Amino acid sequence: GKEVWYYESGKVEQEGNFVDGKPEGKIISYYESGKVSREGNYVEGKKEGKEFWYYENGKVKEEDNWKDGELDGKWVWYDEEGNINDEDIYKDGECVEMCEGDE
């Protein structure tokens, strides 16, 4: 069922659905201010599909893609103004293009 974690202040830190102790469906994490810090999807406890990390100003910080619990596809990092800082391409959890040092 649905589980919710809280900061000591009482504000929601993370929420999502769990089945047999594993995350299932959308899991959302929050800054203490209440703004979303991360959102991702899980299938049978494994990350699946797009995951987004956000700056507290609401702009995307990181965007990555998961398949069966492994990075698969483009992973992009942004600065606080929305400009791309770095990109890597993953396949089955391994960096295959534009990896660190390839720039």
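Source: prediction; values computed, not measured. Residue numbers start at 1 and run along the sequence shown.
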With sequence neighbours excluded, what pairs up with K61 under the side-chain hydrogen bond (donor to acceptor under 3.5 Å, both in side chains) test? none
Who passes salt bridge (charged side-chain N to carboxylate O under 4.0 Å, His left out) against K35, sequence neighbours left out? none
With clusters built from Ile, Leu, Val, Met, Phe, Trp and Tyr whose side-chain heavy atoms come within less than 4.5 Å, directly or transitively, what are the remaining members of the cluster of Y55, listed by chain and number? none
Within residues 73-83 or reaching into it, pairs that qualify as salt bridge (Lys or Arg N to Asp or Glu O under 4.0 Å) - sequence neighbours excluded: K74-E87
Qualifying residues under salt bridge (charged side-chain N to carboxylate O under 4.0 Å, His left out), relative to K67, sequence neighbours excluded: none
Enumerate the residue pairs fulfilling ring-ring contact (aromatic ring centres under 6.0 Å, His included) with a member in residues 1-48, sequence neighbours excluded, ordered by first and then second residue. W5-F18
Identify whether V19 and V43 are in the same connected component of the hydrophobic contact network (ILVMFWY, side-chain heavy atoms under 4.5 Å). no
Each residue besides W53 in its hydrophobic cluster should be listed here, by chain and number; the cluster joins Ile, Leu, Val, Met, Phe, Trp and Tyr at side-chain heavy-atom distances under 4.5 Å. none
Under the side-chain hydrogen bond (donor to acceptor under 3.5 Å, both in side chains) test, which residues partner Y54, sequence neighbours left out? E39
Set of residues satisfying side-chain hydrogen bond (donor to acceptor under 3.5 Å, both in side chains) with respect to S37, sequence neighbours excluded: none
Within this structure, what is the CH2-CG distance for the pair W77 and D64, rounded to the nearest 0.5 Å? 8.0 Å
Walk me through it: do L71 and K47 pass the test side chain to side chain contact (heavy atoms under 4.5 Å, CB included)? CA-CA 9 Å; L71 281 165; K47 289 183 180 184; over 6 Å; no
Who passes side-chain hydrogen bond (donor to acceptor under 3.5 Å, both in side chains) against E44, sequence neighbours left out? none
Inter-residue atom distance I27.CD1 - R38.CZ, 0.5 Å rounding: 7.5 Å
On a heavy-atom basis, the closest approach of Y78 and I84 is CE2-CG1, 3.6 Å
Could you give the side-chain donor-acceptor pairs of residues 89-96 under 3.5 Å, partners two or more places apart or in another chain?
none

Between atom CD of Q14 and atom CD1 of I28, what is the distance when rounded to the nearest 0.5 Å? 9.5 Å
Which pairs with one or both residues in residues 11-24 pass salt bridge (Lys or Arg N to Asp or Glu O under 4.0 Å), sequence neighbours excluded? K2-E15
